[in-house]
Enquirer: 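Got a structure for you, questions after.
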Amino acid sequence: MTTPLVEMDGDEMTRILWQMIKDELITPYVDLKTEYYDLGLKNRNDSDDQVTVDSANATLKYGVAVKCATITPNQARMSEYDLKEMWKSPNGTIRAILDGTVFRAPILVKGIVPYVKNWTKPITIARHAYGDVYKNVEIKVPGPGKAELVFTGADGKEIRETIHEFDGEGILQGIHNTKASISSFARACFQYATDTKQDLWFSTKDTISKKYDHTFKDIFQEIYENEYKEKFEKLGIEYFYTLIDDAVARVIRSEGGFIWACKNYDGDVMSDMVATAYGDLSMMTSVLVSPKGVYEYEAAHGTVQRHYYKHLKGEETSTNSIATIFAWTGALKKRGELDGNAALTDFASKLEKACIKTVEDGKMTKSLSLISTCKDPVILNSQDFIKAIRETLDTLL
Ligand code: NAP
Ligand code: MG
């Protein structure tokens, strides 16, 4: 390796897996260079969360990060870790600095059959990660009255629309988005489509929302025509816009193999549907693609707290490490690509193949055996599963 990866360590069971993965699957084969940031909750608390900010800034500097799952503190964690503050979600903090779009795709293996039987290729969901209902303002309307939408320009000029004349109790919600954020969402999607040579679908409810959703559609179209049309045509890939209702119907009938860009809420809901249909979150890859040209790879699942408590009690766990391994391989591959280091990219691809082959050969964790059609799976504990992947890897190298 020439350029270091930004390594963001995390919490609980995934932190245990993190070390095992490095020891068994990475450092014996790769002259690993990383700049290490400990995003474990204790260190976030000790550093007043500065470590999270530093790790995101390091990602802007080096270009590629790999992140372990981390605890987002809630009330229970306040006392468990004796926290000074209820620190924000690290993913939220990192996203705010890098800005960007999260792409999630299933990892397909034989024996784990999608519920939708014609989905033979992965469907990648690209979720806009800013605004709309996630940054809303809400009012519970107590009784009769008039609700208005008012914008006061910096020059003092007003735009005013009546929302509704209430004759009784009701509810109100104000949402927004910005041209800058929608544009960077669009660019991230077009860029990822060209990087991975897949068609890009985008869907909104523009027939009903003639200004809000329609603006998303217009911005995508404009950026496509001005910046990406030629590249798409050269690669033989397609940009396709359709109404969300139509998209849902087409997605179900499709064979997969494309990127589906979704507004924030649609992406939240649809990514859970797609993940469940393909297996579960432990068989998903997840990458944050920033319009600043940097990448952060992670697993789509959390810290697997329940397994960690079993581990602490000395009980055996059977936690699936594949999504975390794919975070590492995604980052190593991208690093190899950016540095022209073919040996690194090749190693990462072989490690991915080793994961898939190990499961297809019938060796898997408990959670995988529950969704696999494999007749007599060999159920391995967390450590032995990683060791089995190493054995497969050795045969591939
Ligand atoms: P979780 O860690 O995803 O685990 C929920 C359940 O899903 C587990 O108890 C386990 O089910 C199953 N599971 C998830 N990943 C698995 C794997 N790799 N192998 C086997 N089974 C797996 O979600 P959570 O328990 O709701 O959250 C725990 C912590 O993670 C929270 O503090 C949350 O803040 C954090 N979190 C972090 C991220 C992130 O950093 N990206 C994302 C989500 C949540 P069984 O117990 O039935 O085996
Ligand atoms: Mg969700």
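Both counts, for ligands and for their atoms, begin at 1 and track the order of listing.
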Enquirer: On the 0 to 90° scale, with breaks at 30° and 60°, tag the Phe166-His164 ring pair as parallel, tilted or perpendicular.
Expert: perpendicular
Enquirer: Which other residues end up in the same hydrophobic cluster as Leu281, if Ile, Leu, Val, Met, Phe, Trp and Tyr are linked when side-chain heavy atoms come under 4.5 Å apart?
Expert: Met284
Enquirer: Please could you name the atoms of ligand 1 that Ala69 approaches to less than 4.0 Å, counting only its heavy atoms?
Expert: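 The atoms of ligand 1 under 4.0 Å from a heavy atom of Ala69 are 40 (O).
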Enquirer: Between Thr324 and ligand 1, which residue portion shows a heavy-atom distance shorter than 4.0 Å: side chain, backbone, both, or neither?
Expert: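 The answer is neither.
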Enquirer: How far is atom 18 (N) of ligand 1 from its nearest protein heavy atom, and which residue and atom name does that atom have?
Expert: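 Sorting protein heavy atoms by distance from atom 18 (N) of ligand 1 puts Asn320 O, 2.8 Å first.
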Enquirer: For Tyr309 and Glu315, does a side-chain donor sit closer than 3.5 Å to a side-chain acceptor?
Expert: no
Enquirer: Quick check: Ser282 and ligand 1, any N/O pair under 3.5 Å apart?
Expert: no
Enquirer: Pull out every atom of ligand 1 sitting under 4.0 Å from any heavy atom of Thr72, numbered as shown with elements.
Expert: 32 (O), 34 (O)
Enquirer: Is any N or O atom of Glu12, backbone or side chain, closer than 3.5 Å to an N or O atom of ligand 1?
Expert: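 Min N/O separation from ligand 1 is not below 3.5 Å for Glu12.
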Enquirer: Could you tell me whether Lys140 and Glu169 make a salt bridge, using a distance below 4.0 angstrom between a side-chain N and a carboxylate O?
Expert: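 Salt bridge flag = no for Glu169 with Lys140.
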Enquirer: What I want to know is whether Val304 and ligand 1 share at least one N or O pair that is separated by under 3.5 angstrom.
Expert: yes
Enquirer: Would you say atom 26 (O) of ligand 1 touches the protein, meaning some protein heavy atom is under 4.0 Å from it?
Expert: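 No, no protein heavy atom sits under 4.0 Å from atom 26 (O) of ligand 1.
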Enquirer: Is it true that the NZ or CZ of Arg104 lies under 6.0 Å from the centre of Phe326's six-membered ring and within 45 degrees of the ring axis?
Expert: no
Enquirer: Tell me, please: is Met13 in heavy-atom contact with ligand 1, that is, under 4.0 Å?
Expert: no
Enquirer: For ligand 1, does His307 get within less than 4.0 Å through its side chain, its backbone, both, or neither, judged by non-hydrogen atoms?
Expert: side chain
Enquirer: Classify the ring geometry between Phe232 and Tyr224 as parallel (under 30°), tilted (30 to 60°) or perpendicular (over 60°).
Expert: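 Answer is perpendicular, since the angle exceeds 60°.
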Enquirer: Return yes or no for this condition: an N or O of Thr319 is under 3.5 Å from an N or O of ligand 1.
Expert: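 No.
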Enquirer: Is there a polar contact, in the sense of an N or O pair closer than 3.5 Å, between Gly302 and ligand 1?
Expert: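 N/O-N/O distance below 3.5 Å exists for this pair.
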Enquirer: For the side chain to side chain contact (heavy atoms under 4.5 Å, CB included) test, which of Ile21, Thr329, Ile325, Thr34 pairs with Ile26?
Expert: Ile21
Enquirer: Is atom 5 (C) of ligand 1 near the protein, in the sense that some protein heavy atom lies at less than 4.0 Å from it?
Expert: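 Answer no: nothing from the protein, no heavy atom, is under 4.0 Å.
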Enquirer: Using the salt bridge (charged side-chain N to carboxylate O under 4.0 Å, His left out) rule, pick out the option among Asp54, Asp11, Asp9 that qualifies with Arg44.
Expert: Asp11
Enquirer: What protein heavy atom lies closest to atom 35 (C) of ligand 1? Include the residue and the distance to one decimal.
Expert: Thr70 O, 3.4 Å
Enquirer: Which protein heavy atom lies closest to atom 20 (C) of ligand 1, and at what distance to 0.1 Å?
Expert: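 The protein heavy atom lying closest is Ser367 OG, 3.5 Å.
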Enquirer: Would you call the rings of Phe216 and Phe185 parallel, tilted or perpendicular, where under 30° means parallel and over 60° means perpendicular?
Expert: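 Ring orientation of Phe216 relative to Phe185: perpendicular.
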Enquirer: Polar-atom distance check: Arg306 versus ligand 1, any N or O pair below 3.5 Å?
Expert: yes
Enquirer: Any nitrogen or oxygen of Gln305, main chain or side chain, under 3.5 Å from a nitrogen or oxygen of ligand 1?
Expert: no
Enquirer: May I ask whether Leu281 has any heavy atom positioned less than 4.0 angstrom from an atom of ligand 1?
Expert: no
Enquirer: Should Lys217 and Asp213 count as an ion pair when the cut-off is N to O under 4.0 Å?
Expert: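 Not counted as a salt bridge, because no side-chain N and carboxylate O are separated by less than 4.0 Å.
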Enquirer: Counting both backbone and side chain atoms, is some N or O of Ser321 under 3.5 Å from an N or O of ligand 1?
Expert: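 It does not: no N or O of Ser321 is found under 3.5 Å from an N or O of ligand 1.
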Enquirer: So that I can tick it off, tell me whether Lys33 and Asp31 are bridged by a salt bridge, with the cut-off set at under 4.0 angstrom between side-chain N and carboxylate O.
Expert: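 Yes.
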Enquirer: Hey, which of Glu222, Gln221, His214 is the one that makes side chain to side chain contact (heavy atoms under 4.5 Å, CB included) with Asp218?
Expert: His214
Enquirer: Closest non-hydrogen protein atom to atom 32 (O) of ligand 1, residue and atom name please, with distance?
Expert: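 Answer, as residue, atom name and distance: Arg77 NH2, 3.0 Å.
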Enquirer: Just go through Thr317, Ile71, Asn91 and tell me whose heavy atom is the nearest to atom 41 (N) of ligand 1.
Expert: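 It is Asn91 whose heavy atom sits nearest to atom 41 (N) of ligand 1.
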Enquirer: Show the atoms of ligand 1 that are less than 4.0 angstrom away from any heavy atom in Lys67.
Expert: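 It comes down to these atoms of ligand 1: 40 (O).
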Enquirer: Do protein heavy atoms approach atom 12 (C) of ligand 1 to less than 4.0 Å?
Expert: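 It does not; no protein heavy atom is within 4.0 Å.
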Enquirer: If you measure from the Lys or Arg side-chain nitrogens to the Asp or Glu carboxylate oxygens, is any gap between Lys333 and Glu337 under 4.0 Å?
Expert: no
Enquirer: Tell me: protein heavy atom nearest atom 28 (C) of ligand 1, and distance?
Expert: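 Its nearest protein heavy-atom neighbour is Thr303 OG1, 3.4 Å.
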Enquirer: Strictly inside 4.0 angstrom of atom 15 (N) of ligand 1, do you find any protein heavy atom?
Expert: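 Under the 4.0 Å cut-off, atom 15 (N) of ligand 1 does have protein heavy-atom neighbours.
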Enquirer: Counting C-beta onward and ignoring hydrogens, is there a side-chain heavy-atom pair between Pro106 and Met283 closer than 4.5 Å?
Expert: no
Enquirer: Indicate the ring-plane relationship of Phe220 and Tyr239, choosing parallel, tilted or perpendicular according to the 30° and 60° boundaries.
Expert: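 Phe220 and Tyr239: parallel rings.
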